[in-house]
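Single-structure report; data block below.
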Amino acid sequence: MATCKSCGAPIVWVKTPAGKWLPCDEGLLAYKQDDEAGGDTVVTDDGEVIRCHLHFDGFATGMARMPHWATCSEPDRFRRRAGYGS
């Protein structure tokens with residue numbers, strides 16, 4: 001298990017279909033994906049980034065992780081700026 005260099009929280013690295021590594025929070029969350037795009041963003045273990053609902057009634061569509069930038073206390077510290085690397 002890795003830890004965030006900014007806040008020290010435990011993170012896991014998930015590889016996206018484009019081959020990039022995305023830091024995510026350690027725990028899994030239940031989500032619901034439907035025809036109406038939700039206000040939440042999660043990352044599946046396959047690396048798919050999806051818009052969904054984390055707070056819902058009924059059955060979950062699946063389990064996924066929260067991207068760590070959404071919960072980190074210093075998300076801009078390691079964010080790449082446009083035009084710098086990639």
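- Side-chain contact between P23 and W13 is present, with heavy atoms from C-beta onward closer than 4.5 Å.
- Hydrophobic clustering keeps Y31 apart from F59 (ILVMFWY residues linked when any side-chain heavy atoms are closer than 4.5 Å, directly or through intermediates).
- Under the rule for a side-chain hydrogen bond (donor to acceptor under 3.5 Å, both in side chains), D40 has no partner lying at least two apart in sequence or in another chain.
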(request) May I have the step-by-step check of side chain to side chain contact (heavy atoms under 4.5 Å, CB included) for C7 and H68, ending in yes or no? (result) CA-CA 10 Å; C7 69; H68 186 62; 3.4 Å; yes
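- In terms of the side chain to side chain contact (heavy atoms under 4.5 Å, CB included) criterion, residue partners of L29 (sequence neighbours excluded) are, by chain and number, L54, M66.
- With respect to V49, the side chain to side chain contact (heavy atoms under 4.5 Å, CB included) criterion is satisfied by exactly one of T44, L22, V42: L22.
- Looking at every heavy atom in both residues, V12 comes nearest to R65 through CG2-CD, 3.4 Å.
- Legend: residues meeting side chain to side chain contact (heavy atoms under 4.5 Å, CB included) with T3, ordered by chain and number and at least two apart, are absent.
- Atom CG of residue D57 and atom NZ of residue K32 lie 8.0 Å apart, to the nearest 0.5 angstrom.
- Across every non-hydrogen atom of P67 and V43, the tightest pair is CG-CG2, 4.1 Å.
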